[in-house]
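Data block below; observations after.
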Amino acid sequence: MKPGNATQDLIEETLQSLDGISRAEAPAFFYTRLQARLDKQQEPGASWWWFGKPAFSFATLALLLVLNVAALTRYLKKSDQPVQQTTGIQGFAKEYDLDAVSLYSEKDNP
Amino acid sequence: MNEQELIRGLQNGDATAFRQLVETWQHMVYNTVLSIVQNTGEAEDLAQDVFIQVYQSVAQFRGEAKLSTWLYRIALTKALDAERKKKAKKRMAGFRSWIGAGGEEVEAVHFDHPGVQLDNKEKAAMLFKAMTQLPENQRIAFTLIKSEGLSYEEVASVMNLGVKAVESLMHRAKENLRKKLQQYYNH
């Protein structure tokens, strides 16, 4: 008998080693522990279980980031615009090329 | 309660119906999960997860499949999800070890299924180890047939496949297991 045949036989026996297997049984008090877990899930505080989840933290962080970027963008847009002249009388004089000194020149007044 | 009454009771939130569901199917669910994850503590947690999911989603169960088929599907999904997470963790630990960041690779633990006959314990442990290397569909088919004793027709129903497809999966599973066992025995 070739030595390789022994290994092949062992392999075939191994493949059949689950023949006649009986079902493993759930541990004692399985239902009791399951019910306790369900009761805990249904407690009032349990509805906040998602608060501590990493997905919630990441979503909150992403939202804060977006809000900050939006605020910063708005601020930068506003500061790019030129400052409008609001001084009324100087604006009027400049526009009509009026100069207060020339109006009251002694040379022109006899 | 027959199956229809049980489902109606579950959908109505009847505690008695839920208890009957658990008492009827707990060993089936536990054994299925255990045969995949090969750890008793983990199997108990996952088996509980299965029943919790049933409790939470029974309203959506339309009865197009048998209750047992639905339970098998949830049990297999939970067990294989857990396996994928463990494999991902092992890969990360291996990478960390490779770059010298700590984290040792953990070898598969010798698994002793409590239902295996005494004479077959050692060989069964080798077989369970080899089963962890099978592609998922082959692993499901092999586990349901060998560990749960389902027929090819029943497996086809659980996996939503034809019987021929299940036969093909079993054939390929055995071929892959032979190759793996050859490596183990020649090592």
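Just so we're on the same page: letters track the sequence lines, and every chain starts at 1. Bear in mind that the values here come from a model prediction, so they are computed numbers and not experimental data.
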Among A:Arg33, A:Glu13, A:Gln35, which residue forms the greatest number of heavy-atom pairs with chain B at distances under 4.5 Å? A:Arg33
Does any backbone or side-chain atom of A:Leu15 lie under 4.5 Å from a heavy atom of chain B? Answer side chain, backbone, both or neither. both
To the nearest 0.5 Å, what is the distance between CZ on B:Arg178 and OG1 on A:Thr7? 14.0 Å
Spacing of CG belonging to A:Leu38 relative to CD belonging to B:Gln56, to within rounding of 0.5 Å: 7.5 Å
Does anything in residues 152-177 of chain B pair up under ring-ring contact (aromatic ring centres under 6.0 Å, His included), and if so which pairs, sequence neighbours excluded? none
Verify whether one side chain among A:Thr14 and B:Tyr184 offers a donor that lies under 3.5 Å from an acceptor in the other. no
Under a 4.5 Å heavy-atom cut-off, does chain A meet the side chain of B:Val116, its backbone, both or neither? both
Proximity breakdown for B:Glu23 and chain A, heavy-atom pairs closer than 4.5 Å: neither
Could you tell me which residues in residues 17-25 of chain A have at least one non-hydrogen atom under 4.5 Å from a non-hydrogen atom of chain B, sorted by residue number? A:Ser17, A:Leu18, A:Asp19, A:Gly20, A:Ile21, A:Ser22, A:Arg23, A:Ala24, A:Glu25
In short, B:His27 meets A:Ala26 closest at the heavy-atom pair ND1-N, 2.9 Å
Between A:Pro27 and B:Tyr30, which heavy-atom pair has the shortest distance, and what is it? CD-CE1, 3.8 Å
Does atom [atom1] ([X]) have a neighbourhood of more than 12 heavy atoms from anything else shown, all under 6.0 Å?
X        : atom1 : answer
B:Lys87  : NZ    : yes
B:Tyr55  : OH    : no
B:Lys179 : NZ    : no

Other hydrophobic cluster members with A:Leu67, side-chain heavy atoms of Ile/Leu/Val/Met/Phe/Trp/Tyr under 4.5 Å, chained? A:Leu63
Residue-level interface, residues 34-53 of chain B with chain A, non-hydrogen cut-off under 4.5 Å: B:Leu34, B:Glu44, B:Asp45, B:Ala47, B:Gln48, B:Asp49, B:Phe51, B:Ile52
